[in-house]
Protein chains: 2
Amino acid sequence: MSQPQDSSDSLRADKPADEPSDEPRRRSGRKNAGGITLRDVAQLAGVAPITASRALNTPAAVSPKVLQKVKDAVERTGYVPNLLAGGLASNKSRLVAVVVPTVIGPVFQEIVHTLTETLAAAGYQVMLGQTGYENSREDALLEAIIGRRPDGVVLTGIMRSQQARKRLLSSGIPVVETWDLTPTPIDMLVGFSHENIGREVARYLHGKGRRAAAVLGGKDERSQRRMLAFAQEAAALGMTVDGAQVPMHGVSAPTTLGQGRKGLADLLQQQPNIDALFCSSDLLALGVTIEAQSRGIGIPGQLAVVGFGDLEFSRDLEPRLTSVRIDGTAIGQRAARFIIDRAAGLEIAEPIVDVGFSIVVRDSA
Amino acid sequence: MSQPQDSSDSLRADKPADEPSDEPRRRSGRKNAGGITLRDVAQLAGVAPITASRALNTPAAVSPKVLQKVKDAVERTGYVPNLLAGGLASNKSRLVAVVVPTVIGPVFQEIVHTLTETLAAAGYQVMLGQTGYENSREDALLEAIIGRRPDGVVLTGIMRSQQARKRLLSSGIPVVETWDLTPTPIDMLVGFSHENIGREVARYLHGKGRRAAAVLGGKDERSQRRMLAFAQEAAALGMTVDGAQVPMHGVSAPTTLGQGRKGLADLLQQQPNIDALFCSSDLLALGVTIEAQSRGIGIPGQLAVVGFGDLEFSRDLEPRLTSVRIDGTAIGQRAARFIIDRAAGLEIAEPIVDVGFSIVVRDSA
DNA sequence: CTGAAAGCGCTAACAA
DNA sequence: TTGTTAGCGCTTTCAG
């Protein structure tokens, strides 16, 4: 490959510093985009390294002439700043850790997507971490995260180990917890109340004249809380209540359509007369729909079904699925803003946000 | 908290500066897990920093006694190594960038999941990047990625801009492309042939006695190639071929169930006699199933349907969906191994891997 | 097996 | 506005 950028150098006319004077011992193996550093750029532009740095980071603080020279030099060398070095020197890594139980399954997709996008637009890069719903990996993961000195950590539906929480807190890294309304957040919080959801759904179904309620959900903690609140409220309203817990295959997997089918079968065996069912995910609800269909059970006629998550496909099902909608985009944006603001040194006036939820009423209930 | 180290600096007291108050100016605002550095640990353990470093990184290279002392010191101080600093010094960031069009949608979930998990187990952290199917963001994203000097980049279904490819190549960072079999990969490759899939599905349906083929797919490039190959092979086998292209709402979004419903409707209007349909995603196929059901079209009796992706739910649909399965886990593991091996300085014997695919035959076709 | 010295590439403090 | 100096926290190199 011919690289014709050897001695032409038509730009740096004033300071011929070709003198390889007392070359200090250089370290080996560089992976550095051609080995070009800020110093090379500065030299080519005929300015001090710090000036080149300013031209790139705070262009307003530099004369237009210098700015242009530096830009040219960057262009000609193909220089890409080493953000690791910059981060070390400035103590700002521009890295944000996002931790979820798993990226498999539709639940946290919207949040991860929004965070990645919003933070990227602000110059941050997202590091992804998966805990797998277990505590065991939390500690190792935390160590790996803190070691990178991120400018923020977003926790979604996890981090229960008390020790881990303490560790994070004492690291001084801004933390945003999401997907729940913890009574005692580590730092900042963007969430919603699982209990309120359960209660509201119970009231909604009761209001529709249903009297024999049932719930179907996985055994993750938040799902359980929705289910419990639903059951309690339904009972308080005078409804009968049955429930089935979906067996989670592997503690890190989300609920599945198959579990929905099986779940309804189990439920019907337990209590054939149920007329209202709250599923802790839309996938479960879809399974229930299919199973009901194959059994000739009419939805919503015989059985009203409410899902959770309002997945993209739910509006197009037959019948169209009524579901609880969580605005993952809003959560992601708010969380991103919290971290960006913190990094900018702003005071967060209200570090706890309840984004709420809504019941999207369609045909299935 | 008695810290018996009142400015005596027991370790480096060999240069008595004339002025006693020689304390060097310290930089401000540290976010450093309590501000504990390797030097603090080393001092507490009574060894040199480099020895403490060795105790942590290559425990076999220090005496058991020293190892214990350092471990104790780490324990007592709560020290967490600064991986940014380590990365800068050693030129190994232990960061791997994973780039996908979007994490929304089920397509790349398995790969991202596997990569994150496998790499984490090897001490690497995944940085997530989303291009949004557009080229526009590719350049900025690439700059952000290269700037972090990752030890590897995994590209999934993207990076078309020639300039971007060149940039990556010249950065010297190991690159693994996935989800396709490019004729001229940048570096390493783990993929499968979209053309072969199209052809095989056509043959399969022809073998089942179907003669009026149709395809339904999104307009992303690979989907198109599957569809085209399918159409060509079907025609070559003497089948009639119709096709419909799903309108993508926003170029970055994956195909949806709703599009499947609409797609079938359009297709039937075009050609009511089709008896075999290849959908470029399982979600599309599900939509087709539902639409067919509501129109009283029997599957597979009247219409055979084949999906793509073999999503988790496909096996539980009614009828159970026949689909093309891609082993995302295998792709992720292979890609991770490539990068880990490269980082270890190993020669990659065969840098191009075809993981193939399989047609999972169920009831729908 | 252990240590001193010298940076990795960049930016915060000061100064000019 | 620009430059000088001194690190950021760690690891490489080269000696003991």
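Each chain gets a letter, A, B and so on, in the order the sequences are listed, and its residues count up from 1. Atoms considered below: every heavy atom in the structure, side chains included; atoms not considered: hydrogens, waters and symmetry mates.
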Open item on the list: From C-beta outward on Val47(A), which listed nucleotide comes closest to its side chain: dC8(D), dG3(D), dT1(D)?
Closed with: dG3(D)
- [ ] Please name the pair of heavy atoms, one in Leu38(A) and one in Ser53(A), separated by the smallest distance, quoted to 0.1 Å.
- [x] CD2-CB, 3.7 Å
Open item on the list: What is the separation between atom CZ on Arg148(B) and atom C1' on dC10(C), rounded to the nearest whole Å?
Closed with: 14 Å
- [ ] Kindly indicate whether the side chain of Arg54(B) and the base of dG3(C) share any N or O donor-acceptor pair separated by less than 3.5 Å?
- [x] yes
Task: Upstream residue (5' side of DNA chain C) when Ala85(B) and Ser63(B) are each assigned their closest nucleotide - done: Ser63(B)
Open item on the list: Ignoring hydrogens, what is the shortest heavy-atom contact between Leu44(B) and Arg76(B)? Give both atom names and the distance.
Closed with: CD2-NH1, 3.6 Å
Task: Among dT2(D), dC10(D), dA12(C), the nucleotide that comes nearest once only the side chain of Ile50(A) is considered - done: dA12(C)
TODO: Using whole Å, report how far CG of Asn91(A) lies from C1' of dT11(C).
DONE: 11 Å
Task: Leu88(B) backbone acceptor or donor facing Arg149(B) side chain under 3.5 Å - done: no
Task: Presence of Ser53(A) side-chain N/O under 4.0 Å of dT11(C) phosphate oxygens OP1/OP2 - done: yes
Task: Among dG3(C), dC10(D), dT11(D), the nucleotide that comes nearest once only the side chain of Ser90(B) is considered - done: dT11(D)
Open item on the list: Quick one: does any side-chain atom of Gln130(A) pair with a main-chain N or O of Val103(A) as donor and acceptor, under 3.5 Å?
Closed with: yes
Task: Length of the line joining Asn82(A):CG and dC10(D):C1', which is rounded to integer Å - done: 14 Å
Open item on the list: Cation-pi check for Phe338(A) against Arg342(A): NZ or CZ below 6.0 Å from the six-membered ring centre and within 45 degrees of the axis, yes or no?
Closed with: no
Task: Which nucleotide in dT2(D), dG7(C), dC10(C) has an atom nearest any side-chain atom of Thr51(A) - done: dT2(D)
Task: Side chain of Ala89(B) - closest among dT2(C), dG9(C), dC8(C) - done: dC8(C)
Task: Positions of residues 64-72 of chain B (non-hydrogen atom under 4.0 Å from DNA chain C), listed by number - done: Val66(B)
- [ ] Would you mind reading off the distance between Leu88(A) atom CG and dC10(D) atom P, rounded to a whole angstrom?
- [x] 9 Å
Open item on the list: Would the distance check show the side chain of Ser161(A) and the main-chain N or O of Ala164(A) forming a donor-acceptor pair, the cut-off being under 3.5 Å?
Closed with: yes
